[in-house]
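Data first, discussion second: the structure below is written as structure tokens.
Worth saying up front: this structure is predicted, and the values here are computed from it rather than measured.
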Amino acid sequence: MSGATDFEKAIKDFAEISSESLRSIYGEVLNSHGSIPENLITELIKVEDLTEDELLECFNLVKTNLYTMYKNSAFGWSSKQKQEELKEEGLIYILLKSSEGNIKGFGSFMITIEDKFFVIYCYELQLHEDLRGNGLGSTILAMIEDIGFKSDVKKSMLTVFSANPALNFYRKKGYELADHSPRERTLRRGIIKEPSYYIMSKDIKP
């Protein structure tokens, strides 16, 4: 990529690609990760092709996992706002479905410009409670990063609540605070105040 115009064209092209073309181009990325159990099905799909039932399942998973963190943060919780965020134009989903078709986990991402960088931004990474601790979060994140790498993206970025235990998970995966991330502040008497969230970044391509 030689400049902002190239970035904008790449983002536009990526936004206009069909789900079928996405699977054709990036299907090998999903298939190259062999740690998905046989009883789960992986699907790469654009947000506009999700059914209302699938969007509702994703919403319910986010609410189950993050409701308390939202309520305790500066953002607060708004079901309407979160449902709109999950339907944001340009989002792409990696779904983990049971053999019955139920969504057991998902990651959502978008190729965009963030802080003047051409990045792949992970918006959500959610797993059902009974799937945690077996490497599936790492697998979905690696899939997103690999799609970014194949798309000539240099950085992967995400936002995480400071109270989210997943913060340590992302650090172990090589994510660091982005330059424009909120940071801890030291108040009077040495009291440290954490921000509600951090923006994290990882180089995925030289």
Side-chain angles (χ1 to χ4, degrees), residues 14-15 17-73 75-111 120-148 156 158-161 163-170 172-173:
F14 203 83
I17 195 171
S18 67
S19 291
E20 183 178 355
S21 295
L22 269 176
R23 289 189 283 268
S24 175
I25 296 169
Y26 299 103
E28 65 185 62
V29 171
L30 273 62
N31 295 332
S32 67
H33 293 272
S35 57
I36 302 294
E38 292 183 359
N39 63 334
L40 292 176
I41 301 163
T42 310
E43 183 177 357
L44 185 64
I45 186 169
K46 295 194 70 176
V47 64
E48 58 262 35
D49 294 325
L50 290 171
T51 66
E52 288 299 318
D53 286 343
E54 287 172 333
L55 281 167
L56 181 59
E57 285 188 82
C58 290
F59 167 79
N60 287 336
L61 194 51
V62 173
K63 185 175 182 180
T64 297
N65 291 346
L66 298 181
Y67 176 81
T68 301
M69 293 182 211
Y70 269 99
K71 287 288 287 184
N72 293 335
S73 75
F75 301 107
W77 173 264
S78 167
S79 292
K80 181 179 180 181
Q81 182 176 337
K82 177 51 66 176
Q83 287 170 329
E84 289 301 316
E85 288 174 1
L86 291 172
K87 294 189 288 186
E88 186 175 344
E89 185 179 0
L91 279 175
I92 295 168
Y93 280 68
I94 296 175
L95 304 178
L96 288 183
K97 291 184 173 181
S98 68
S99 54
E100 293 80 23
N102 299 317
I103 295 174
K104 306 292 286 182
F106 75 95
S108 64
F109 62 93
M110 184 189 301
I111 288 182
I120 190 161
Y121 208 108
C122 177
Y123 283 80
E124 299 285 352
L125 180 54
Q126 305 294 337
L127 288 174
H128 194 278
E129 186 177 10
D130 61 9
L131 291 185
R132 295 178 200 158
N134 57 11
L136 287 173
S138 297
T139 299
I140 295 175
L141 186 61
M143 288 176 176
I144 292 172
E145 292 171 358
D146 287 352
I147 289 172
S156 175
L158 54 87
T159 302
V160 59
F161 282 121
N164 193 334
L167 178 60
N168 288 328
F169 162 78
Y170 292 123
K172 289 177 182 177
K173 295 300 175 184

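Applying the 6.0 Å contact sphere to CD of E20 captures no more than 12 heavy atoms from other residues, nucleotides or ligands.
Separation of atoms CG (N102) and CG (L96) is listed at 12.5 Å; rounding is to 0.5 Å. Rounded to the nearest 0.5 angstrom, K82 NZ and W77 CH2 are separated by 6.5 Å. Rounding to the nearest 0.5 Å gives a distance of 8.0 Å between CD1 of I147 and CD1 of I111. Atom CG of residue L30 and atom CD1 of residue I140 lie 9.5 Å apart, to the nearest 0.5 angstrom. Within the model, atoms CG of L131 and OG of S98 stand 9.5 Å from one another, a figure rounded to the nearest 0.5 Å. With values rounded to the nearest 0.5 angstrom, F109 atom CZ is found 12.0 Å from L125 atom CG.
Counting heavy atoms from C-beta on, the side chains of S99 and N39 never come closer than 4.5 Å. Between E48 and E89, every side-chain heavy-atom pair lies at or beyond the 4.5 Å cut-off. Between T139 and T42, every side-chain heavy-atom pair lies at or beyond the 4.5 Å cut-off. Under the 4.5 Å side-chain criterion, counting only non-hydrogen atoms from C-beta, L95 is not in contact with E57. Put simply, the side chain of I25 reaches to within 4.5 Å of the side chain of I17, judged on heavy atoms.
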Report the C-alpha distance between Q126 and T64 in whole Å, list the side-chain angles of each, state the deciding distance to 0.1 Å, and finish with yes or no for side-chain contact (heavy atoms from CB on, under 4.5 Å). CA-CA 10 Å; Q126 305 294 337; T64 297; over 6 Å; no
Would L136 and L40 count as a side-chain contact (heavy atoms from CB on, under 4.5 Å) if you check the C-alpha gap in whole Å, the side-chain angles of each, and the deciding distance to 0.1 Å? CA-CA 11 Å; L136 287 173; L40 292 176; 3.9 Å; yes
Under the criterion side-chain contact (heavy atoms from CB on, under 4.5 Å), I'd like the reasoning laid out for F169 against V160: C-alpha separation, chi angles, the key distance, then a yes or no. CA-CA 11 Å; F169 162 78; V160 59; over 6 Å; no
Let me see the working for E124 and L66 under side-chain contact (heavy atoms from CB on, under 4.5 Å), right down to the final yes or no. CA-CA 11 Å; E124 299 285 352; L66 298 181; 4.2 Å; yes
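The aromatic rings of F161 and Y70 lie perpendicular to each other, with more than 60° between the two planes, well past the 30° mark.
Closest non-hydrogen pair, G90 versus M110, comes out as O-CG, 3.7 Å. In terms of heavy atoms, C58 sits closest to I103 at SG-CD1, 3.9 Å. The shortest non-hydrogen separation linking D49 to E54 is O-OE1, 4.3 Å. Nearest approach of L44 to R23, heavy atoms of both residues: O-NH1, 2.6 Å. Listed here is the closest heavy atom pair of C122 and I144: SG-CD1, 3.9 Å. Residues K63 and S79 share a closest heavy-atom pair of NZ-OG, 4.4 Å.
A distance-only check finds a donor-acceptor pair linking the side chain of N65 to the backbone of L127 [under 3.5 Å]. A distance-only check finds a donor-acceptor pair linking the side chain of K46 to the backbone of A15 [under 3.5 Å]. No donor-acceptor pair closer than 3.5 Å links the side chain of N168 to the backbone N or O of P165. Y123 contributes no side-chain N or O that, together with a main-chain N or O of E85, makes up a donor-acceptor pair within less than 3.5 Å.
Side-chain N/O atoms of D146 and H33 include a donor and acceptor closer than 3.5 Å.
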